[in-house]
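Structure first, commentary second.
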Amino acid sequence: HHFHYGYLIYAAAVVAKYRTAWAAKNDDHIQLLIRDIANPNSNDPHFPQHRLFDWYRGHSWASGIVASPNGLNQESGTEALNAHYGLYLYGVATGNEL
């Protein structure tokens, strides 16, 4: 679902850049989306660390890194890239270096 959340995180980054009060008010909600798809914290009790990212292959899988009967699933490389770019932009817009 990172390819879906990427659109929301990217949009939040654009709004956060120009509406800092909005970003401060909604940061907890945006951080939930971010932690769900790209959690850097191995001690987070709610979301696994790097849920979808395959460090061996170098990209994210739509269904996560655990094999399924139909194989791993990468629905759209460009949407995955957009998700990670949205993460970067949100960090820049809010000053959050995670």
- Item | side chain to side chain contact (heavy atoms under 4.5 Å, CB included) evaluation trace for Y90 with Q31 | CA-CA 10 Å; Y90 189 78; Q31 290 295 331; 3.7 Å; yes

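Atoms CG and CG, on N82 and L87 in that order, are 9.5 Å from each other to the nearest 0.5 Å. Summarising the geometry, atom CD1 belonging to I30 is positioned 10.0 Å from atom OG1 belonging to T94; distances are rounded to the nearest 0.5 Å.
Shortest non-hydrogen contact noted between A13 and A93 is O-CB, 3.6 Å.
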Using distance only, find each side-chain donor-acceptor pair of residues 32-40 under 3.5 Å and give its atom names and separation, not counting sequence neighbours.
residue : atom : partner : partner atom : Å
R35     : NE   : D44     : OD2          : 2.6
R35     : NH2  : D44     : OD1          : 3.1
R35     : NH2  : D44     : OD2          : 2.9
D36     : OD1  : H1      : NE2          : 3.4
D36     : OD1  : R51     : NE           : 3.1
D36     : OD1  : R51     : NH2          : 2.9
D36     : OD2  : H1      : NE2          : 3.0
N39     : OD1  : N41     : N            : 3.1
N39     : ND2  : N41     : O            : 3.4
N39     : ND2  : D44     : OD2          : 3.2
N39     : ND2  : F47     : O            : 2.9

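With sequence neighbours left out, V15 forms a side-chain contact (heavy atoms from CB on, under 4.5 Å) with R19, W22.
Residues Y88 and I9 do not share a hydrophobic cluster, defined by chaining ILVMFWY side chains whose heavy atoms lie under 4.5 Å apart.
Contact annotation: the side chain of K17 never approaches that of V14 to less than 4.5 Å [non-hydrogen atoms, C-beta and beyond].
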